[in-house]
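Report on the structure given below.
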Amino acid sequence: MIAESINPASRSGLQRGFQALSDPTRLRILGLLEGGTRCVCELQSGLSEIAPNLLSHHLRVLREAGLVHAVRRGRWIDYSLNAEALEQLRKAIPRPKAFAAACVCEDI
């Protein structure tokens, strides 16, 4: 996916996704979710240095960016990765070509 070919609505969603990924704590949360669905209490124990209200904030940012799914189970919430959203972010990152052409300024 080339940046110019992304429609404006998708571009906005990608921007929110990349902004959500820019925080190290949110990246750690995604790492904890890589192993599968986790209850918020499991996430809290894996991030014990993070205050519960701050963890809730980070989870809300990830939910609003569409990077995680949240399912309420009584008073608890289970979180899981949104694989499709993460794949869209991966596809939006330009990849270098194996044999890039030489710089055009060398021909001048």
Side-chain angles (χ1 to χ4, degrees):
M1 181 182 302
I2 298 173
E4 293 82 27
S5 67
I6 302 171
N7 69 50
S10 294
R11 190 172 296 139
S12 174
L14 290 171
Q15 182 179 358
R16 280 193 317 274
F18 282 118
Q19 285 173 337
L21 292 176
S22 70
D23 185 277
T25 300
R26 292 193 280 271
L27 285 174
R28 286 180 60 202
I29 292 168
L30 293 179
L32 291 171
L33 294 173
E34 192 173 32
T37 301
R38 300 280 183 259
C39 174
V40 71
C41 62
E42 292 176 283
L43 295 172
Q44 185 64 62
S45 67
L47 299 163
S48 58
E49 73 282 3
I50 306 293
N53 62 330
L54 189 54
L55 177 60
S56 292
H57 164 75
H58 287 299
L59 289 167
R60 180 177 52 83
V61 171
L62 290 169
R63 269 193 331 267
E64 289 175 355
L67 301 180
V68 298
H69 298 292
V71 177
R72 184 168 288 281
R73 182 176 42 91
R75 61 177 251 185
W76 299 106
I77 299 176
D78 294 325
Y79 290 91
S80 61
L81 295 176
N82 180 345
E84 294 97 27
L86 292 167
E87 185 59 29
Q88 285 180 347
L89 290 177
R90 283 185 193 99
K91 286 181 179 178
I93 298 171
R95 295 190 175 114
K97 298 198 186 235
F99 300 101
C103 178
V104 294
C105 60
E106 292 176 3
D107 295 335
I108 297 176

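All heavy atoms count here, side chains included; hydrogens, waters and symmetry mates do not.
- Heavy atoms only, all atoms of each residue included: R26 and H57 are closest at NH1-NE2, 4.2 Å.
- V71 and L30 fall into different hydrophobic clusters, where Ile, Leu, Val, Met, Phe, Trp and Tyr are joined by side-chain heavy atoms under 4.5 Å apart, directly or via other members.
- In this structure, CG on L59 lies 11.5 Å from CG on L67, to the nearest 0.5 angstrom.
- Summarising the geometry, atom CG belonging to L47 is positioned 9.0 Å from atom NE2 belonging to H58; distances are rounded to the nearest 0.5 Å.
- Between L62 and A20, the shortest heavy-atom contact is CD2-CB, 4.2 Å.
- Hydrophobic clustering (side-chain heavy atoms under 4.5 Å, transitive across Ile, Leu, Val, Met, Phe, Trp, Tyr) keeps F18 apart from V61.
- Once rounded to the nearest 0.5 Å, the distance linking CG of L43 with CD1 of I77 reads 11.0 Å.
- Rounded to the nearest 0.5 Å, atoms CD (Q44) and CD (E49) are 9.0 Å apart.
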Output side-chain donor-acceptor pairs under 3.5 Å for residues 31-40, partner residues at least two apart or in another chain, one line each.
none

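- The shortest non-hydrogen separation linking T25 to D23 is N-OD1, 2.8 Å.
- Separation of atoms CD (E84) and CD (Q88) is listed at 8.0 Å; rounding is to 0.5 Å.
- The distance from the CG atom of L21 to the CG atom of L86 is 7.0 Å, given to the nearest 0.5 Å.
- Closest non-hydrogen pair, R28 versus G46, comes out as NH2-O, 3.9 Å.
- Between R16 and E64, the shortest heavy-atom contact is NE-O, 3.8 Å.
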